[in-house]
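Worksheet: the structure to be examined is printed underneath.
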Amino acid sequence: VNGVHDMGGMDGFGKVEPEPDEPMFHTEWEARVLAMVRAMGAAGAFNIDASRFYREALPPHVYLASSYYKKWLLGLEDLLIDRGYIAAGEIAAGHATQPAKPLRHGKFTVNDVERIMVRGKFARAAPAPAKFKPGDRVRAKNMHPVTHTRLPRYVRGHIGVVERDHGCHVFPDSAATGSGENPQWLYTVVFDGTELWGPDADPTVKISIDAFEPYLEAA
Amino acid sequence: MRISNDRAFGIALAAFEPRLASVQERRDALLVVLRQARQRKLVRPLRGAELGMFAFLDLFDDLGAERIKVAGIARCDDAVIDNDLGIFPLTCDPAPTREQIPAISFEAAPRQRLNIAPILKPMTAPDHHHDHDHSELSETELRVRALETILTEKGYVEPAALDAIIQAYETKIGPHNGAQVVAKAWSDPAFKQALLDDATKAVSTLGHVSRVGDHLVAVENTPRRHNMVVCTLCSCYPWEMLGLPPVWYKAAPYRSRAVKDPRGVLADFGVSLPQETEIRVWDSTAETRFLVLPMRPAGTEGWSERQLAELVTRDSMIGTGFPKTPRAPS
């Protein structure tokens, strides 16, 4: 989806403002939101790609005006409602009023905490040989799916070079919509700054993305 | 059951019981009430200040607290309104000015109609300016609590498990993990090569660095090339190595500019590189996670890994900073 979340290259957001001695959470509720997202994901209500998709799907003015964890909260509510784990009326009531829907991995308990603090594995067996190899010139496709994608707009249509092959990984574009893992080859593709930003761009800058094979065509 | 916002309750209590004059007395009384409420399982989940306060009224009724009288409750998280004592703003963000108070919309609690007339008058009473530090019972906070209540009541999550997740984030991950890896790479050429070849595998051999993630890629800074990591689409970050990302990493200014004007972004951090240095920006668009291996500072010959690790900053492993300048080893 061509959303405001796809921020690479946008102007007008001002300076980066690091906060000295920044706390891990600025309010208690931020921590609760993080914990609920992790817990419900681990319990099987959704995967990481779906949770990203729901944050991206927030209306642009809401996305831009909301703090980071506020976006997490809004995305979590929408996702749980759409998948039938909670009802909008329950949020309004502040109580459960409907029966629970069984979770794929069951209730999230203290015994599950350890496993979610280890990062998941996204590599999968390859269903087909890789089309590209390091050194190949590739063009990022000019594609504009209305669903989730991890191909940022600022590289679309531009030519880069495959630098690394990461093997086959879960394809977020499929996983986000519940269409299965559909594993795809994943490559680091490097672009010259001048290729992306024009001849006046800083010639010492190179930018890479990690691109799934369906995002690329030979160039 | 989690108690919602004790300071907001404290303000409410002050409104209800004028004889509790000091903040300390109000808090003490509040604690007694809440303790009894917990024992009798009477504290209810909150949804909005109006529900919270209704629940609170029920609670007081249930506890037989006859001395406490309430005239009405404002809606929209705004205030507790007492016919005798006036309006007590709770959560307006920003807090309403006196001029704005008449514009606050409200409706009466169902059990008693609200008399609007006294609302403005008490605002001028000097002893009602007592508690300016009352906490924000914000709409978001209430919404988060409502959601947690629902997830708990439906049996999806244990609240204690949420506590444990937060505790794990607060204690088990953080830039100290990445700093250990960097310091070892600075000290041990074989480890450094293994790290650059396959960071996931190399880091997993360090027993003392726990919870290593999959798909970790270490990228080395050299005099000719400086690496910088961003996630333009969201907030991907090697949190097992560096902890949760700082706000600036997740915010629009960094995400928008890092790929287009990395030297300008570095200038925001007070970092300047030679003009001929290549800058390589890694946009974390998949599940690969990037850890920058900064250059070892000069003047650290013979330092132990522990001493070296103290020089490694979080930002130096993102590529928006350098390691600390060494002083004499401690």
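We name chains A, B, ... by the order of the sequence lines, and we start the count at 1 in each one. Note that this is a predicted model, so its numbers are computed, not measured.
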Is there side-chain contact between A:Trp29 and B:Arg143, with at least one heavy-atom pair below 4.5 Å? no
Kindly give the heavy-atom pair with the smallest separation between A:Pro152 and B:Asp283, and that separation in Å. CG-OD2, 4.0 Å
Would you please say whether a donor-acceptor pair under 3.5 Å links the side chains of B:Ser235 and A:Tyr68? yes
Structural part of B:Phe269 lying under 4.5 Å from a heavy atom of chain A: side chain
Between A:Thr204 and B:Arg280, is any pair of side-chain heavy atoms under 4.5 Å apart? no
Between B:Val230 and chain A, with a heavy-atom cut-off of 4.5 Å, which part of the residue counts as in contact: side chain, backbone, both or neither? neither
Honestly, the part of A:Arg164 sitting under 4.5 Å from a heavy atom of chain B is side chain
A:Ile207, part contacting chain B, at a heavy-atom distance under 4.5 Å: both
Residue pair A:Gln98 / B:Lys154, side-chain heavy-atom distance below 4.5 Å: yes
Which bit of A:Lys70 comes within less than 4.5 Å of chain B, counting heavy atoms only: side chain, backbone, both or neither? side chain
Interface residue of largest heavy-atom contact number with chain B, from A:Glu19, A:Met40, A:Glu17, under 4.5 Å: A:Met40
Turns out that what part of A:Tyr63 lies under 4.5 Å from chain B's heavy atoms comes down to side chain
Which residue out of B:Lys250, B:Arg263, B:Arg289, B:Arg257 racks up the most heavy-atom pairs below 4.5 Å with chain A? B:Lys250
Would you call the rings of B:Tyr156 and A:Tyr85 parallel, tilted or perpendicular if under 30° counts as parallel and over 60° as perpendicular? perpendicular
Considering only heavy atoms from C-beta outward, does the side chain of A:Arg52 approach that of B:Cys236 to under 4.5 Å? yes
Given a strict heavy-atom distance threshold of 4.5 Å, which part of B:Thr277 is in contact with chain A: side chain, backbone, both, or neither? backbone
Between A:Val33, A:Leu196, A:Val190, who has the most heavy-atom pairs with chain B when the cutoff is under 4.5 Å? A:Val190
For A:Leu103, is it the side chain, the backbone, both or neither that has a heavy atom under 4.5 Å from a heavy atom of chain B? side chain
Against chain B, label A:Pro99 side chain, backbone, both or neither, depending on which of its atoms sit under 4.5 Å from a heavy atom there. backbone
As an exercise: rank B:Thr320, B:Asp315, B:Leu244, B:Leu147 by heavy-atom pairs under 4.5 Å with chain A and give me the winner. B:Leu147
Kindly indicate whether the side chain of B:Glu287, heavy atoms from C-beta on, has any atom under 4.5 Å from the side chain of A:Arg150. no
Shortest non-hydrogen contact from A:Thr109 to B:Ala161? C-CB, 3.4 Å
What option among A:Ala96, A:Gly8, A:Ser208 has the most heavy-atom pairs under 4.5 Å with chain B? A:Ser208
With a 3.5 Å distance limit and no angle check, can you tell me whether B:His215 reaches the backbone of A:Phe122 through a side-chain donor-acceptor pair? yes
Less than 4.5 Å to any heavy atom of chain A: does that hold for the side chain of B:Pro262, its backbone, both, or neither? side chain
Please name the pair of heavy atoms, one in A:His5 and one in B:Arg255, separated by the smallest distance, quoted to 0.1 Å. O-NH2, 2.8 Å
Is B:Leu162 close to chain A through its backbone or its side chain, or both, or neither, when contacts mean heavy atoms under 4.5 Å? both
Specify the closest pair of heavy atoms between A:Glu22 and B:Val247, including all atoms of both residues, with the distance to one decimal. OE2-N, 2.8 Å
Heavy-atom closest pair (A:Ile116 atom, B:Trp239 atom, distance to 0.1 Å) is O-CH2, 4.0 Å
Below 4.5 Å from any heavy atom of chain B, which atoms of A:Thr27 appear? Answer side chain, backbone, both or neither. neither
B:Thr285 side-chain N/O to A:Asp210 backbone N/O, donor-acceptor pair under 3.5 Å: yes
At a heavy-atom separation under 4.5 Å, does A:Ala201 approach chain B through its side chain, its backbone, both, or neither? neither
Is there a donor-acceptor pair closer than 3.5 Å between any side-chain N or O of B:Glu158 and the backbone N or O of A:Val110? yes
So does A:Lys101 have more than 12 non-hydrogen atoms from other groups sitting under 6.0 Å from NZ? yes
Do you know which of B:Val265, B:Val157, B:Leu233 has the most heavy-atom pairs with chain A at a distance under 4.5 angstrom? B:Leu233
Residue among B:Asp261, B:Ile166, B:Leu151 with most heavy-atom pairs under 4.5 Å to chain A: B:Ile166
Identify which part of A:Ala45 has an atom lying under 4.5 Å from any heavy atom of chain B, answering side chain, backbone, both or neither. neither
Side-chain contact, heavy-atom cut-off 4.5 Å: B:Val144 with A:Glu28? no
What pair of heavy atoms forms the shortest contact from A:Pro18 to B:Trp248, and how long is it? CA-CD1, 3.5 Å
Please flag which part of A:His169 lies under 4.5 Å from any non-hydrogen atom of chain B: side chain, backbone, both or neither. side chain
A side-chain contact here means heavy atoms from C-beta on lying under 4.5 Å apart; do B:Tyr169 and A:Arg38 qualify? yes
Heaviest contributor of heavy-atom pairs below 4.5 Å to chain A, chosen from B:Ala258, B:Gly243, B:Pro246, is B:Pro246
For A:Asp202, is it the side chain, the backbone, both, or neither that has a heavy atom closer than 4.5 Å to a heavy atom of chain B? side chain
Checking A:Asp11 against chain B: side chain, backbone, both or neither under 4.5 Å from a heavy atom? side chain
So for B:Ser284, is it side chain, backbone, both, or neither that comes closer than 4.5 Å to the heavy atoms of chain A? backbone
Contacting moiety of B:Gln275, where chain A heavy atoms sit under 4.5 Å: both
Taking every non-hydrogen pair under 4.5 Å, which of A:Leu34, A:Leu186, A:Thr97 racks up the most with chain B? A:Leu34
